Asker: 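Take this structure, written in structure tokens, and hold onto it; I'll ask about it next.
Worth saying up front: this structure is predicted, and the values here are computed from it rather than measured.
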Amino acid sequence: MARKQGRHRIARRTKIATALLGLSIAVGGLVVSTTTGDSDSAAADEVDKSLFVDITKVRPNVDKPEPGRNASTGSFTVDCGKNENGHFNPDNFIAQPGIRNGAQHLHDYVGNLSANADSDNDSLLGAGTTCENGDESAYFWPVVRIDTEGEGEQNRNNQNQDDEQNQAELEEPNADNELAGNDGEIQRPATVDITFKGNAQEKVKEMPKFLRILYGDAKVTANGPANARESWTCTGFEDRVIKQYPVCPEGSDVKRVHTFPSCLDGNDIDSENHRDHIRYPNENGECANGLTAVPELTISLTYEIPRAIQVAGQYKVDSFPEEDHNPFSDHDDFANVMSEQIMDRLVDCVNEGRKCRE
């Protein structure tokens, strides 16, 4: 399998901008206004430094429900690697099917080898997988980047797509897997943990094949916070999660924790808004009347980002241009393409209270 190792460095437009900056200094700063003037068109790719929070100053806020007598307390972990094969694209076949580059930000994939804008049930099935146990499910999330350049010269108008633009013509990534507004060096997770757990109050049922589930909201600014989730923490501080970027103490790494909803409406595999068919349990871990508990997926991603980069506010998650790398827009996507045999093993393991790893 081909691997894209290498470092995803700064885009060509940054190098050009750097050259122009040098020229501007040589001629007396005549073009300074193009990078430091209009706040609506400058610093479009920089992250607001107020979005970085010292995790040690955050109080614990993670409350887990007490298991009831009929709880399903096991766990089932799937080893799908860390995207060593370099499967990236700015597509989302769940939220934006058929639209190439529709996400306008880059996704990191593990599991199914074929996932792209044109994926459907037929194409996903039998496409191969990075998962050790043969699970062909698609797991994907926006990449995290380090950007020490601060591409202030980018004009926001170059990022936002005109309302009348053909969506099929959205910008493709460059050779360094960068897009307008999403520049910098991609950080491969040091660890990717994909674990399914049970329900605090009842046994879980099998997920239907081809079930789609979304975590978080990639457009939280436009849609509001109802579906957004606090995703960010540090290793050793998992008892607290925040909607900002964490600054971790020495010896601790940046971590994203994505726990998906797990109360299914019948056997529906999707809904018009990709959310109504599956909901979160209540604070006691119970599914609402009429909903069925299915295995709860949590994807945890750990990044070894130097602390100096954290303190300087120089790491960021890819996002839609209008989100400006808002950490509260963090999100994750899952499509179940497990075989019946794998799903049966998963459910049995979780319901029997065992810890399984494949």
Asker: Would you confirm whether the ring centroid of Y315 sits within less than 6.0 angstrom of the ring centroid of F52?
Answerer: yes
Asker: So, the side chain of D344 versus the backbone of L346: is there a donor-acceptor pair under 3.5 Å, distance only?
Answerer: no
Asker: Using the rule side chain to side chain contact (heavy atoms under 4.5 Å, CB included), only one of L106, V144, D318, D176 pairs with I186; which is it?
Answerer: L106
Asker: Determine, stepwise, if the pair D268 / L211 fulfils side chain to side chain contact (heavy atoms under 4.5 Å, CB included).
Answerer: CA-CA 7 Å; D268 292 342; L211 173 66; over 6 Å; no
Asker: Check whether any side-chain N or O of D324 sits under 3.5 Å from a backbone N or O of N326 as a donor-acceptor pair, and report yes or no.
Answerer: no
Asker: Between H325 and G181 (side chain of the first, backbone of the second, donor and acceptor by atom type, cut-off under 3.5 Å), is there such a pair?
Answerer: yes
Asker: Between N89 and N116, is any side-chain donor less than 3.5 angstrom from a side-chain acceptor?
Answerer: no
Asker: Within this structure, what is the CG-OG1 distance for the pair D253 and T233, rounded to the nearest 0.5 Å?
Answerer: 11.5 Å
Asker: More than 12 non-hydrogen atoms from neighbouring residues, nucleotides or ligands closer than 6.0 Å to NZ on K203, yes or no?
Answerer: yes
Asker: Whether the side chain of N199 engages the backbone of Q201 through a donor-acceptor N/O pair (distance < 3.5 Å, no angle test) should be reported.
Answerer: yes
Asker: Rounded to the nearest 0.5 Å, what's the gap from CD on Q341 to CG on N133? Could you check?
Answerer: 11.5 Å
Asker: With distance as the sole test, does D91 use its side chain to make a donor-acceptor pair with the main-chain N or O of A117 at under 3.5 Å?
Answerer: yes
Asker: Where the side chain of S114 meets the backbone of A127, is there a donor-acceptor pair that is under 3.5 Å apart?
Answerer: no
Asker: Under 6.0 Å from the NZ atom of K209, do we count more than 12 heavy atoms belonging to anything else shown?
Answerer: yes
Asker: Heavy-atom distance under 4.5 Å between the side chains of V247 and Y245, does that happen here?
Answerer: no
Asker: Identify the two heavy atoms, one from V204 and one from G198, that lie closest to each other, and give their separation to 0.1 Å.
Answerer: CG1-CA, 3.9 Å
Asker: Is the distance between the ring centroids of H105 and F320 under 6.0 Å?
Answerer: yes
Asker: Starting from the C-alpha separation in whole Å, work towards a yes-or-no answer on ring pair (Phe, Tyr, Trp, His ring centres under 6.0 Å) for H331 and Y215.
Answerer: CA-CA 5 Å; H331 56 282; Y215 166 87; 8.8 Å; no
Asker: Are I278 and F93 connected, step by step, through hydrophobic side chains (Ile, Leu, Val, Met, Phe, Trp, Tyr) whose heavy atoms are closer than 4.5 Å?
Answerer: no
Asker: If I compare all heavy atoms of I146 with all of P306, which pair ends up nearest, and what's the gap?
Answerer: CD1-CD, 4.1 Å
Asker: Determine whether a donor-acceptor pair (N or O, by modelled atom type, separation under 3.5 Å) exists between the side chain of N61 and the backbone of V241.
Answerer: yes
Asker: At what distance, to the nearest 0.5 angstrom, does CD of E340 lie from CD1 of I342?
Answerer: 11.0 Å
Asker: Which pair of heavy atoms, one from D118 and one from G98, lies closest together, and at what distance?
Answerer: OD1-CA, 3.9 Å
Asker: To the nearest 0.5 Å, tell me how far D79 CG sits from C131 SG.
Answerer: 8.0 Å
Asker: Out of curiosity, N83 CG to H107 NE2, how far, rounded to the nearest 0.5 Å?
Answerer: 12.5 Å
Asker: Are any of the side-chain heavy atoms of W232 and V254 separated by less than 4.5 Å?
Answerer: yes
Asker: Looking at OG of S231 and CZ of F328, how far apart are the two atoms once the value is rounded to the nearest 0.5 Å?
Answerer: 8.0 Å
Asker: With a sphere of 6.0 Å drawn around CZ of R354, does it hold more than 12 non-hydrogen atoms of other residues, nucleotides or ligands?
Answerer: yes
Asker: Does N182 reach the main-chain N or O of Q104 with its side chain, forming a donor-acceptor pair under 3.5 Å?
Answerer: yes
Asker: Using the side chain to side chain contact (heavy atoms under 4.5 Å, CB included) rule, take I194 and L297 through it: C-alpha gap first, then chi angles, then the decisive distance, then the call.
Answerer: CA-CA 7 Å; I194 298 173; L297 168 62; 3.7 Å; yes
Asker: Any carboxylate oxygen within less than 4.0 angstrom of a Lys/Arg side-chain nitrogen, looking at R145 and D183?
Answerer: no
Asker: Same hydrophobic cluster for I213 and L291, using side-chain heavy-atom links shorter than 4.5 Å among ILVMFWY?
Answerer: no
Asker: Answer whether the closest heavy-atom distance between the side chains of P249 and F237 falls below 4.5 Å.
Answerer: yes
Asker: Taking NZ, NE, NH1 and NH2 as the nitrogens, is one of them in D330 or R256 under 4.0 Å from a carboxylate oxygen of the other?
Answerer: yes
Asker: Between E323 and T221, is there a side-chain donor-acceptor contact under 3.5 Å, judged purely by atom types and distance?
Answerer: yes
Asker: With a 6.0 Å cut-off (strictly less than), is the heavy-atom count around CD of E304, excluding the residue itself, greater than 12?
Answerer: no
Asker: Backbone N or O of T130 within a donor-acceptor pair of the E132 side chain at under 3.5 Å?
Answerer: no
Asker: Counting neighbours of CG on N273 that are heavy atoms of other residues, nucleotides or ligands and sit closer than 6.0 Å, is the number greater than 12?
Answerer: yes
Asker: Does any part of the side chain of C248, heavy atoms only, come nearer than 4.5 Å to the side chain of T56, both counted from C-beta?
Answerer: no
Asker: For L301 versus H258, what's the shortest heavy-atom pair and its separation?
Answerer: CD1-CE1, 4.1 Å
Asker: Could you tell me whether D120 atom CG has more than 12 heavy atoms of other residues or ligands within 6.0 Å of it?
Answerer: yes
Asker: Hey, are E238 and K255 close enough for a salt bridge, meaning a charged N less than 4.0 Å from a carboxylate O?
Answerer: yes
Asker: Salt bridge or not for E358 and R345, using N-O below 4.0 Å?
Answerer: yes
Asker: Would a 4.5 Å heavy-atom cut-off, applied to side chains only, mark S137 and F334 as touching?
Answerer: yes
Asker: Should T195 and T298 be marked as a side chain to side chain donor-acceptor pair (under 3.5 Å) after you check the CA-CA gap, both sets of side-chain angles, and the distance that decides it?
Answerer: CA-CA 5 Å; T195 296; T298 296; over 6 Å; no
Asker: Take T235 and T302 through the test side chain to side chain contact (heavy atoms under 4.5 Å, CB included) and record every step on the way to the result.
Answerer: CA-CA 8 Å; T235 56; T302 304; 3.7 Å; yes
Asker: Could you go through F196 and M338, starting from their C-alpha distance and side-chain angles, then the distance that decides it, and tell me whether this counts as side chain to side chain contact (heavy atoms under 4.5 Å, CB included)?
Answerer: CA-CA 13 Å; F196 295 85; M338 290 185 193; 3.5 Å; yes
Asker: With a 4.5 Å cut-off on side-chain heavy-atom distances among I, L, V, M, F, W and Y, is there a chain of contacts connecting I94 to I269?
Answerer: yes
Asker: Is F260 linked to V257 within one hydrophobic cluster, defined over Ile, Leu, Val, Met, Phe, Trp and Tyr using a side-chain heavy-atom separation of less than 4.5 Å?
Answerer: no
Asker: Quick one: are R275 and L214 in side-chain contact, heavy atoms under 4.5 Å?
Answerer: yes
Asker: On the 0 to 90° scale, with breaks at 30° and 60°, tag the Y109-F140 ring pair as parallel, tilted or perpendicular.
Answerer: parallel
Asker: Count I, L, V, M, F, W, Y as connected when their side-chain heavy atoms are under 4.5 Å apart, and connections chain through other members. Are Y303 and I299 then in the same cluster?
Answerer: yes
Asker: So, does E296 use its side chain to make a donor-acceptor pair with the main chain of S262 at under 3.5 Å?
Answerer: no
Asker: Mind checking whether V337 and L125 have side chains closer than 4.5 Å, heavy atoms only?
Answerer: yes
Asker: So which atom in S271 and which in H277 form the shortest heavy-atom distance, rounded to 0.1 Å?
Answerer: OG-ND1, 2.9 Å
Asker: Quick one: are D333 and N92 in side-chain contact, heavy atoms under 4.5 Å?
Answerer: yes
Asker: Quick one: closest heavy-atom pair of L113 and H87, and the distance?
Answerer: O-CE1, 3.4 Å
